[in-house]
Amino acid sequence: MSRRDYLGEFELIVMLALLRLADRAYGVAVRREIEHRTGREVSIGAVYATLERLETKGYVRSRLADPTPERGGRSKRFFRATAKGVAAVNRTHAAVQGLAEGLSLGWSRA
Amino acid sequence: MMPRPSMPEPPAAWRLLVSLMTQPGQAGPILGDLAEEFTAIARESGNRAARRWYRRQAAKTALELLASEFRSASWAIATVAFGSYMLLLGSVQLVELVTGLLLEKFPIYTYIDASRFWWLYAVCLQCIVCPVLAGWMAGWLAGRRVMPVAVALSAVSVVMGTNIPAGGGLIRLPVILLEADRISHYLPHANILLFALSAIKLAWLPPLGVLVGAALRRGALSERTRIA
């Protein structure tokens with residue numbers, strides 16, 4: 001299995017945010033979801049750069065919605081994980097879990 | 001009826017920066033997302049806080065998008081930037097050659113003051129017109145990656161200069177300092193450091209010209225994408 005079959009750390013975070021948001025996943029929502037769940041401050045640019053990369057790999061699909069006035073007449077771009085993307089998330093998650101298994105990392109839930 | 005308060009607008013210069021750093025046709029949703037959050041912050045915390053947030057987000061976003069392009073196509077960007085740099089050097093040398101021929105064939109200095117002529121060919125043509133054209137050409141060669149190529153070309157221009165061996169470029173500074181003895185021999189009263197700084201004082205103009213040329217090309221591409 002090649003290294004490219006696994007997602008990078010931020011790619012995995014973005015994919016999980018997409019899966020959580022389902023059909024409400026656009027730039028602002030993804031950014032807020034990541035900040036809310038991880039406490040990590042991310043820029044819209046970082047989210048879009050990652051989503052573009054994931055779309056090139058075929059892990060994500062996007063569509064444009066109608067423009068709205070509160071966005072200065074610009075449309076939202078909604079993203080959705082593909083089946084290939086979900087498989088990549090599972091593979092990466094399994095690899096991380098496999099590596100962490102048996103290690104005492106103090107991960108017990110509070 | 002009370003007039004409806006106008007919605008605050010995000011800073012135009014930062015909007016322009018973000019739209020330049022995105023690929024043609026892809027700026028809309030990103031600018032829309034930024035505008036949506038800007039409006040929400042302005043409503044909650046006021047215009048000043050919203051503007052501060054927008055500036056920080058726009059700078060980070062522009063850098064992230066640029067870095068992402070460099071990561072995904074570093075060789076392609078480097079190749080086009082190098083080719084465009086050669087084009088820029090060639091055009092500057094061509095101006096040098098034509099100017100030399102003109103000075104040889106015609107008594108130019110009887111019609112125009114020498115310093116004015118120098119401003120015309122060395123500053124206007126070599127430091128502004130040639131870099132703007134090179135930036136535009138680089139944008140044309142780069143396809144959709146206009147600004148990453150222009151930024152790379154600008155960086156090379158800052159370091160190497162655009163008129164080898166005549167001057168310009170940060171690389172020229174240590175060369176002049178290393179040749180201090182030889183320069184002192186010809187210019188005994190010259191302050192070497194000031195001489196070195198004067199050699200690179202126009203070094204910022206060509207990189208700026210390259211960015212302007214590429215931005216013009218990027219604007220033309222956006223216009224074409226909008227029409228299509």
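Not measured: the values here are computed from a predicted model. So that the names make sense, note that chain A is the first sequence line, chain B the second, and so on, each numbered from 1.
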B/E37 side chain vs A/V28 backbone, donor-acceptor pair below 3.5 Å: no

Does B/D33 pair with A/R71 as a salt bridge, N-O distance under 4.0 Å? yes

Heavy-atom count check: over 12 atoms from other residues, nucleotides or ligands less than 6.0 Å from B/R51 CZ? yes

Going by heavy atoms in the side chains, are A/K76 and B/E36 under 4.5 Å from each other? yes

Which residue, B/L65, B/T61, B/L31, forms the side-chain contact (heavy atoms from CB on, under 4.5 Å) with A/I44? B/T61

State, to 0.1 Å, how close B/G28 and A/R74 come at their nearest heavy-atom pair, and which atoms those are. O-CD, 3.1 Å

All heavy atoms of B/E64 vs all of A/G45, minimum pair found to be CB-C, 3.7 Å

Taking every heavy atom of B/K60 against every heavy atom of A/S43, the minimum-distance pair comes out as CB-CB, 3.8 Å

A/V42, part contacting chain B, at a heavy-atom distance under 4.5 Å: backbone

Measure distances from B/I30 to the heavy atoms of chain A and classify the residue's part below 4.5 Å as side chain, backbone, both or neither. both

Can you establish whether the number of heavy atoms outside B/W53 located under 6.0 Å from its atom CH2 is more than 12? yes

Nearest 0.5 angstrom please: A/E41 CD to B/R56 CZ, how far? 5.0 Å

Taking the side chain as every heavy atom from C-beta outward, state whether B/S68 and A/Y48 have any atom pair closer than 4.5 Å. no

Name the region of B/Q26, side chain, backbone, both or neither, that has any atom closer than 4.5 Å to a heavy atom of chain A. side chain

